[in-house]
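As C-alpha cells, the structure follows; a few thoughts come after it.
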Amino acid sequence: MSVLRVVFFGPPGAGKGTQARLLEQKFGACQVSTGEILRRAAREQSALGKQAADYLDRGDLVPDQVMVRLVAERLREPDCRSGFILDGFPRTLTQADELEQMLDGTGLALESALCLQASNDVIIKRLSGRRTCKQCGSLHHLVFNPPARPGICDRCGGELYQREDDREEMIAARLRVYENQTAPLKEYYSKRGLLKEIDGVGSVEEVGKRVLKAVET
Ligand code: AP5
C-alpha cells in the first residue's frame with residue numbers, strides 16, 4: 001500500500017470530509033480535519049475551543065498562527081507517519097507557505113493538492129441537509145445518506161446535530177470566505193505542479209472513483 005500525503009481543499013460542502021474518510025480507509029493515512037478538531041475543541045471548551053468558537057459560528061477563518069501551530073503538532077504525531085490527508089488545511093496562502101516550510105527537509109513533501117469542485121446549488125443542498133455526529137464526527141445527510149434511526153449516528157450511535165454554520169444564511173458567508181481566501185490556492189498549487197481539480201458532483205461512489213484516479217496518477 002502506498003503512502004499518501006495530500007491536501008484537500010474546495011468550497012464548503014463540496015464533499016472533502018466524505019472523500020477524505022474514504023481515502024483514509026483505503027490508504028491507512030490519517031485524516032486531519034481541521035474543522036473537526038476545532039469543533040471538538042469548542043464542544044470541550046478547551047483553550048483552543050474558546051479561541052475558535054466565535055470564528056466557527058460566523059464562518060470566518062481562525063487566525064493563521066493558531067491553525068499552523070495546531071497542524072504542525074498534529075503532523076508530528078506517530079499516526080501521520082503512515083501518510084496524511086489534510087482536510088481543510090491550508091485555507092490561505094500564508095498557511096500554504098507555512099505547510100511547505102513544515103514539510104521541507106522532512107522528506108515528506110506533498111504528493112498532490114486535490115481541489116474538489118461543486119456548484120453553489122449542489123453545495124446548498126448538501127450543507128442544509130447535513131447532520132454530523134457529536135461523538136465521532138461521522139457525516140450523514142437527510143436525503144442523500146439518511147441515518148437508519150432518525151437523529152442517531154449509524155456508525156457509533158451518537159447524537160446527530162446540525163452545525164451552526166450550516167444554516168442557509170451562514171453558507172453564503174462561507175462561500176465568500178472561500179472565494180476570497182482559499183480559492184487562490186488553485187494558482188499556488190498549479191504553479192508547483194501539484195494541483196488536481198476534481199468534479200465533486202455525482203454520487204459519493206462516482207466522486208470517489210475520480211478522487212482515486214487523481215491520487216493514483
Ligand atoms: P470545515 O469543517 O473544514 O468546513 P468546510 O471546509 O466549510 O467544509 P465542510 O465540512 O462544510 O464540507 P465538506 O466539503 O467536508 O463536505 P462534506 O463531506 O461534509 O471548517 C469549518 C470551520 O472551521 C471554517 O469555517 C473555519 O471557521 C474553521 N477552519 C477549519 N479549518 C481552518 C483553517 N485551515 N484555517 C482557518 N479556519 C479553519 O459533505 C457535505 C454533506 O454532503 C454531507 O452531509 C455529506 O453526507 C453530503 N455529501 C458529500 N458528498 C456527497 C455526494 N457526492 N453526493 C451526495 N451527498 C454528498
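For this chain, numbers begin at 1 and follow the sequence in order. Counting starts at 1 for both ligands and their atoms, in listed order. Hydrogens, waters and symmetry mates are skipped; everything else that's a heavy atom, side chains included, is used.
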**Request:** Side-chain contact test, heavy atoms from C-beta onward, threshold under 4.5 Å: evaluate it for Val32 versus Ile85 and give yes or no.
**Result:**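 Heavy-atom side-chain distance check fails, nothing below 4.5 Å.
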**Asked** Is the shortest side-chain N to carboxylate O distance from Arg21 to Glu24 below 4.0 Å?
**Response**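 Salt bridge: no.
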**Prompt:** What residue among Lys209, Arg210, Glu216 forms side chain to side chain contact (heavy atoms under 4.5 Å, CB included) with Leu212?
**Reply:**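 Option passing the side chain to side chain contact (heavy atoms under 4.5 Å, CB included) with Leu212: Glu216.
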**Message:** Run the side chain to side chain contact (heavy atoms under 4.5 Å, CB included) test against Arg69 and tell me which residues pass, sequence neighbours left out.
**Reply:**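 With neighbours one apart ignored, the set is Glu73.
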Check: residues 191-200 side-chain donor-acceptor pairs under 3.5 Å, at least two apart:
from, atom 1, to, atom 2, distance (Å)
Lys191, NZ, Glu187, OE2, 3.3
Arg192, NE, Glu100, OE2, 2.7
Arg192, NH1, Tyr188, O, 3.1
Lys196, NZ, Ala214, O, 2.7
Lys196, NZ, Thr217, O, 2.7
Glu197, OE1, Gln117, NE2, 2.5
Asp199, OD1, Val201, N, 3.0

**Asked** For Arg76, which residues count as a salt bridge (charged side-chain N to carboxylate O under 4.0 Å, His left out) partner, sequence neighbours excluded?
**Response**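 None.
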Show the distances, to 0.1 Å, for all pairs joining an N/O atom of ligand 1 and a protein N/O atom that are shorter than 3.5 Å, listing one pair per line.
from, atom 1, to, atom 2, distance (Å)
ligand 1, 2 (O), Arg39, NH1, 2.9
ligand 1, 2 (O), Arg39, NH2, 3.2
ligand 1, 3 (O), Arg91, NH1, 3.2
ligand 1, 3 (O), Arg91, NH2, 3.3
ligand 1, 4 (O), Arg163, NH2, 3.3
ligand 1, 6 (O), Lys16, NZ, 3.1
ligand 1, 6 (O), Arg91, NH2, 2.5
ligand 1, 7 (O), Arg174, NH2, 2.6
ligand 1, 8 (O), Lys16, NZ, 3.2
ligand 1, 10 (O), Arg130, NH1, 3.0
ligand 1, 10 (O), Arg163, NH1, 3.1
ligand 1, 11 (O), Arg130, NH1, 3.2
ligand 1, 11 (O), Arg130, NH2, 2.7
ligand 1, 11 (O), Arg174, NH2, 2.6
ligand 1, 12 (O), Gly13, N, 2.9
ligand 1, 12 (O), Arg130, NH1, 3.3
ligand 1, 14 (O), Gly13, N, 3.3
ligand 1, 14 (O), Ala14, N, 3.2
ligand 1, 14 (O), Gly15, N, 3.0
ligand 1, 14 (O), Lys16, N, 2.9
ligand 1, 14 (O), Lys16, NZ, 2.8
ligand 1, 15 (O), Gly17, N, 2.8
ligand 1, 16 (O), Gly15, N, 3.2
ligand 1, 18 (O), Gly17, N, 3.4
ligand 1, 18 (O), Thr18, N, 2.8
ligand 1, 18 (O), Thr18, OG1, 2.6
ligand 1, 19 (O), Arg130, NH1, 2.5
ligand 1, 20 (O), Arg91, NH2, 3.4
ligand 1, 27 (O), Asp60, O, 2.5
ligand 1, 31 (N), Thr34, OG1, 2.8
ligand 1, 31 (N), Gly88, O, 3.4
ligand 1, 31 (N), Arg91, NH1, 3.0
ligand 1, 34 (N), Gly88, O, 2.9
ligand 1, 34 (N), Gln95, OE1, 3.0
ligand 1, 35 (N), Gln95, NE2, 3.0
ligand 1, 37 (N), Val62, N, 3.0
ligand 1, 44 (O), His140, O, 2.9
ligand 1, 53 (N), Arg126, NH2, 3.2
ligand 1, 53 (N), Gly202, O, 2.8
ligand 1, 53 (N), Val204, N, 3.4
ligand 1, 54 (N), Gly202, O, 3.4

